[in-house]
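Let me begin by presenting the structure, written as structure tokens, before commenting on it.
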Amino acid sequence: MSEWGNIEEELAHLCAEDEFYGYSNISSWLSEQAKKLESGKLKEELELYSKICFMMLIPTSMNEPLKERINFFEHGRSARPEDLTEVEIEKLESTYEGLNNPWLKARLAEILWLRKKPKNINWIQTAIDYYLSLQETKENWFKDVGSCHERAFYLGTKFRRNPNINIDIEKMRGIKIGIILNEYQAENFTVLKMGELLVNYGMIESYETQLIEKYLELAESCKNININLADGYLKAVIHIYEQLKQFEKVSEIIMQRAKLYEKAGDGHLKKEIIGAVLAQDAYEKALQILATIQRKFRGKFQYAQIEQNLYEKMHEAAVVFLETAPQITHKIDIKDIIDWVNTEISGQDFPIALHKFLSIKPMIKLDDLQEKVFEKINNNFLSNLFGEKHFSGDARVIKRSSAMSTNEFTDEQLEVKMIEECKSDVEFWTKSALIEGFKVLQREHNLRLEDFFHLTQLSPFIPQDRSRDIAKGLYFGYDGDFLTSLHLLAPQIEHIVRYHLKNSDVKTTMIEDGIETELSLNALLKKEEAKKVFNEGLIIELKTIFTHPSGFNIRNDVAHGLVSSDNYNQVGFFYAWYFLLRATFMHFCRKVQSLDEDDFQNLVKNPL
């Protein structure tokens, strides 16, 4: 047997071990084998194959299916396909026909397809076949085998119209269907992920009923052990019913999901302190799920009654928490505030009601903000002796602050503290008064998109070419869809700031390597000239809402896709909408006051 044949035989034993975990394991093993050799062709080939096996597989990418993997030990990165030299590509191609190991064969086929010209469609067929030849089991699915099978499915879909590509549907789904249908104890997400792969690529035809029954059985078996896994099975059933267009069944399973979280909340509520918090989260999740039921099926499933019951349980959980949790802040009774808001806004004509609503929260004043910050620092000086680390919801460190004392304040540290205070102020006013005022306004006054267009068109704060876009954002917010609203408004805020700076002859671009690019909103607000155009309190508020990690940082979250309908800062998004509506309305009022009689009468004919 040849030297390479011995290597492949030993590699086959490695791949069959329980501890084997995929391509990075192969890369390490090949590197170790190469180190045992002094020099020669085999050593070079082993090092080369170790290099390409260390690349990370991205199953659903057509252009970059193999990317670098960070190598912490060498303080660098692994190779990408484009890093390979022509000589290395030729060496790889020379060993292609003699390869038998499916992991190496599939990887090499991908490399050749990406780098060699002219392209040979047989390389794609080889990649598909050898990926699928990796025997899938519940135990190895998350050890790169699942990613390889997903890659085969993806390539099969992309090249299915090519007559030279042979796709064996049964080979692709047969074993997976068998594993799923023969599962009787839901231990982890493996079976669920296999099913999702089949559903996503339309591979469950004629198995829909069996899969639904199995998923419901597995959900029932694990609902008291792992609620997230049980919910995953129920969501998988929903996806199948949606493909079958059986929407009444979809609503039925949605009800099961809601009841799952309701029951979990009931269980949490029996525990002390933290249980009440978990219960409230569970009830809130149940309400979010319940809201996805189509309106035409809500009557059949007693939607209103169940929704009311969940709200009452949420309130009960909040009461339990307040009664049992250690008090770290003073309780604030906002009943008088809510009564005042209702008295001010309810029953008023629309322009007055809107003006009252937008006047609820006092404008930010820089001096008042600084005074509050220094007062808190003096009263809580011990907390300033320690640094802080701030995490995002997905566990990223988004900001660090060092220890400080009142005698060693930098401008940057003061700004951070002011932004934190501003955010705290926004949260208080939003939760205590603004949302209640919004409900009254929304309940008593119906507005159309055209109404907001009149407002933005006549407001000097809004650039004329963006008035319709911003009107849409304001309209969606008034309709209660703040996620859509801020996806429209957040980018436009940057344009508004840039527009007013440019009108004041402030440079808003930078030149680097001969290329002129526009500055970001964060960079624009940091410019000293911005303080001459905008009130400093307004700048702090803009930073708090849109750009600073210590604030709501909405621009970053929206721009980078870090929010979804299930996960966004509702207080921050609401206030961002309120903030822009108020600024627009203030400038609108100033413009209207300056109109002559003819212009004013024209406005009356086309009122807000």
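Keep in mind that this is a model prediction, so the values were computed, not measured.
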Rounded distance [0.5 Å steps], CD1 in Ile462 versus OG1 in Thr584: 3.5 Å
Short side-chain to backbone donor-acceptor contact, Ser459 and Leu455, under 3.5 Å: no
Verdict with reasoning, Leu234 to Tyr215, per side-chain contact (heavy atoms from CB on, under 4.5 Å): CA-CA 7 Å; Leu234 293 178; Tyr215 283 153; over 6 Å; no
Over 12 non-hydrogen atoms of neighbours within 6.0 angstrom of NZ in Lys158: no
Option passing side-chain contact (heavy atoms from CB on, under 4.5 Å) with Leu229 (candidates Asp231, Asn226, Ile227): Asn226
Donor-acceptor contact present, side-chain Arg151 to main-chain Ser61, <3.5 Å: yes
Charged tip of Lys472 within 45° of Phe452 ring normal and under 6.0 Å: no
Pair Glu252 + Lys249, salt bridge at N-O below 4.0 Å: yes
Exam field: side chain Glu444 to backbone Gly347, donor-acceptor pair closer than 3.5 Å: yes
Working for side-chain contact (heavy atoms from CB on, under 4.5 Å), residues Glu139 and Asp18: CA-CA 8 Å; Glu139 290 71 29; Asp18 292 339; over 6 Å; no
Whether Phe482 and Trp577 hold their rings parallel, tilted or perpendicular, with breakpoints at 30° and 60°: perpendicular
Arg173/Glu205 salt bridge by N-O under 4.0 Å criterion: no
Separation between CD of Gln570 and CG of Leu483, rounded to the nearest 0.5 Å: 10.0 Å
Cation over ring face, Arg468 and Phe453, 6.0 Å, 45°: yes
Heavy-atom neighbours of Tyr311 OH exceed 12 at 6.0 Å: no
Donor-acceptor under 3.5 Å (His495 side chain, Pro491 main chain): no
From CA spacing to verdict: side-chain contact (heavy atoms from CB on, under 4.5 Å), Ile58, Glu64: CA-CA 7 Å; Ile58 311 298; Glu64 291 185 292; over 6 Å; no
Main-chain N/O of Glu420 paired to Ser424 side chain as donor or acceptor, under 3.5 Å: no
Main-chain N/O of Ile493 paired to Arg466 side chain as donor or acceptor, under 3.5 Å: no
Met255 and Lys259: CA distance, side-chain angles, deciding distance, side-chain contact (heavy atoms from CB on, under 4.5 Å) verdict: CA-CA 6 Å; Met255 286 300 302; Lys259 289 177 181 177; 4.2 Å; yes
Value rounded to 0.5 Å, distance of CE in Met203 from OG1 in Thr157: 6.0 Å
Trp429 ring center near Tyr578 ring center (under 6.0 Å): no
Lys/Arg-Asp/Glu bridge criterion (N-O < 4.0 Å) met for Lys313, Glu316: no
Short side-chain to backbone donor-acceptor contact, Glu208 and Ser206, under 3.5 Å: yes
Reported CD1-to-CD distance for the pair Ile177 and Gln210, which is rounded to 0.5 angstrom: 8.0 Å
CD1-CZ distance between Ile337 and Phe428, expressed to the nearest 0.5 angstrom: 4.0 Å
Test item: Glu427 and Phe552 side chains (from C-beta on) under 4.5 Å apart, heavy atoms: yes
Check: Asp144 side chain, Tyr23 main-chain N or O, donor-acceptor pair, under 3.5 Å: yes
Arg448 charged N/C atom sitting above Tyr475 aromatic ring, 6.0 Å / 45°: no
Sidechain-backbone polar pair: Asp168 side chain, Glu170 backbone, donor-acceptor under 3.5 Å: yes
Ring pair (Phe, Tyr, Trp, His ring centres under 6.0 Å), paired with His149, selected from Tyr131, Tyr154, Trp141: Trp141
Side-chain donor/acceptor of His239 to backbone N/O of Glu196, under 3.5 Å: no
Plane angle bin for Phe438 and Phe574 - parallel if under 30°, tilted between 30 and 60°, otherwise perpendicular: perpendicular
Short N-O contact, Lys176 and Glu136, less than 4.0 angstrom: yes
